[in-house]
Amino acid sequence: QAAITAVRSSALPRMMHIARCHPPDVSAAACDIFDEMVEKIWTEQALITPSDKTKLIAGLPTKYGGAGFTRTRLIAPHAYYASLESCQAGPEERVVSQRLRCEKMHSVIRGKLTGAATMAHLEECSAKGTATWMTDLRGVTTYIKDEHVSAALRLRLNQPRREWQASDPCPGCRAALDDPDTVVQHLRGCTRIRGHNSSASAADITRALGDICNAASVQHETAQPREC
């Protein structure tokens, strides 16, 4: 969790500072090397072999349902020219910011992601608070385990573990999973997979709430009332 957050909040901004201060043709090679390193980090953490669609999702900002790992090679021209115009502009001149320039780029990326299942997935992941665990560590007292971070990344990127074969049926209901866009969603929601029943889910939620209360030193009852 700390590693993913550090890449997004520290490493990426540092690289973007370099991109803002150098022409795109000068920073291109460095951006390519950096992008490969960042991609290796999130793919190894998620334990996946990313498809082209997964890379597009990873490159979208979290507010659009992505993971915020936009390739710096794509942002570099927008960052440099926004910075250059800002330096050259007069007091009354209007400058197109880097954010607005990148919005157009992100719109193009989103346009390449098609399909009802994919769009529903992005909408779900763009909801407020769904990416807090990977964007902000302030005030966090209970960190997520590495294996849970890995699973959360796979869910957000909508791709199963690299060991998963396209011909493998669901281990619970044995349904054929032919559509790669729905594999993760099916596995997450199939109630016939061992441990995915409602009782187990309720127990997981109870334990999680207990951990949060304990971390915040909040007194709470551990037994469920009989009348419930």
Side-chain angles (χ1 to χ4, degrees), residues 1-13 15-16 35 38-39 41-43 45-75 78-79 82 96-140 142-145 147-161 164 177 179-190 196 201 204-205 208-209 212:
Q1 183 181 9
I4 292 296
T5 307
V7 170
R8 287 177 36 83
S9 61
S10 180
L12 281 170
M15 190 63 204
M16 288 318 306
D35 291 338
V38 171
E39 183 176 306
I41 290 173
W42 61 259
T43 54
Q45 181 63 60
L47 300 176
I48 62 174
T49 301
S51 64
D52 291 340
K53 179 175 285 189
T54 301
K55 293 179 181 180
L56 291 176
I57 294 176
L60 283 175
T62 54
K63 67 178 180 179
Y64 295 137
F69 296 118
T70 308
R71 300 184 71 84
T72 57
R73 176 67 179 273
L74 298 177
I75 303 177
H78 306 295
V96 180
S97 67
Q98 176 183 328
R99 181 182 63 81
L100 289 178
R101 292 169 182 264
C102 287
E103 284 291 336
K104 296 179 180 179
M105 178 191 69
H106 291 137
S107 295
V108 173
I109 295 176
R110 294 170 68 190
K112 296 179 180 179
L113 294 166
T114 59
T118 299
M119 300 311 295
H121 172 77
L122 292 176
E123 183 177 358
E124 182 181 58
C125 291
S126 65
K128 185 178 180 180
T130 57
T132 302
W133 64 273
M134 64 185 300
T135 58
D136 193 353
L137 289 179
R138 290 175 297 180
V140 175
T142 302
Y143 292 94
I144 307 174
K145 294 180 180 179
E147 57 267 30
H148 295 166
V149 171
S150 180
L153 274 174
R154 289 195 297 273
L155 179 60
R156 191 167 193 87
L157 297 171
N158 202 28
Q159 184 165 338
R161 289 179 66 121
W164 180 267
L177 302 176
D179 185 356
D181 291 341
T182 60
V183 170
V184 175
Q185 299 299 324
H186 178 95
L187 295 177
R188 182 183 68 166
C190 182
H196 282 206
S201 298
D204 289 340
I205 294 173
L209 289 174
I212 294 172

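Within the 3.5 Å criterion, the main-chain N or O of R73 finds a donor-acceptor partner in the side chain of D35. Side chain of T72 to backbone of M16: no donor-acceptor contact under 3.5 angstrom is found. Between the side chain of R154 and the main chain of A46, a donor-acceptor pair closer than 3.5 Å is present. The closest donor-acceptor contact from the side chain of H121 to the backbone of R156 lies under 3.5 Å. When atom types are taken as modelled, the side chain of T62 and the backbone of A67 share no donor-acceptor pair closer than 3.5 angstrom.
With rounding to the nearest 0.5 Å, the separation of OG1 in T118 from CZ in R110 is 13.5 Å. If you take CG on L153 and CE on M134, they are separated by 5.5 Å, rounding to the nearest 0.5 Å. With rounding to the nearest 0.5 angstrom, the CZ atom of R8 is 13.0 Å from the CD1 atom of I41.
The minimum heavy-atom distance between F69 and I4, with the atom names listed, is CZ-CG2, 4.0 Å. For the pair M119 and L113, the tightest heavy-atom approach, listed with the atom from each and the gap, is SD-O, 3.2 Å. Here the shortest heavy-atom pairing between L56 and I109 reads O-CG2, 3.8 Å. A pairwise comparison of heavy atoms in L12 and G68 identifies CD1-O, 3.7 Å as the closest pair. Taking all atoms of both residues into account, the shortest heavy-atom contact from C102 to H78 is SG-CB, 4.1 Å. For the pair C125 and G65, the tightest heavy-atom approach, listed with the atom from each and the gap, is CB-O, 3.6 Å.
Here the side chains of M105 and T70 are in contact, with some heavy-atom distance below 4.5 Å. Looking at heavy atoms from C-beta onward, K63 lies out of side-chain contact with S126 at the 4.5 angstrom threshold. When side chains are defined from C-beta on, L157 counts as touching W42, because their heavy atoms get closer than 4.5 Å.
When the shell of 6.0 Å around CD of E103 is examined, it contains more than 12 heavy atoms from other residues, nucleotides or ligands.
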### Task
Go through E124 and T130 one step at a time and tell me if the side chain to side chain contact (heavy atoms under 4.5 Å, CB included) criterion holds.
CA-CA 8 Å; E124 182 181 58; T130 57; over 6 Å; no
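The side chain to side chain donor-acceptor pair (under 3.5 Å) search around H106 returns none, not counting sequence neighbours. Taking K55 as the reference, nothing meets the side chain to side chain donor-acceptor pair (under 3.5 Å) condition, with sequence neighbours excluded.
Using a cutoff of 4.0 Å between basic side-chain nitrogens and carboxylate oxygens, R161 and E147 are not scored as salt-bridged.
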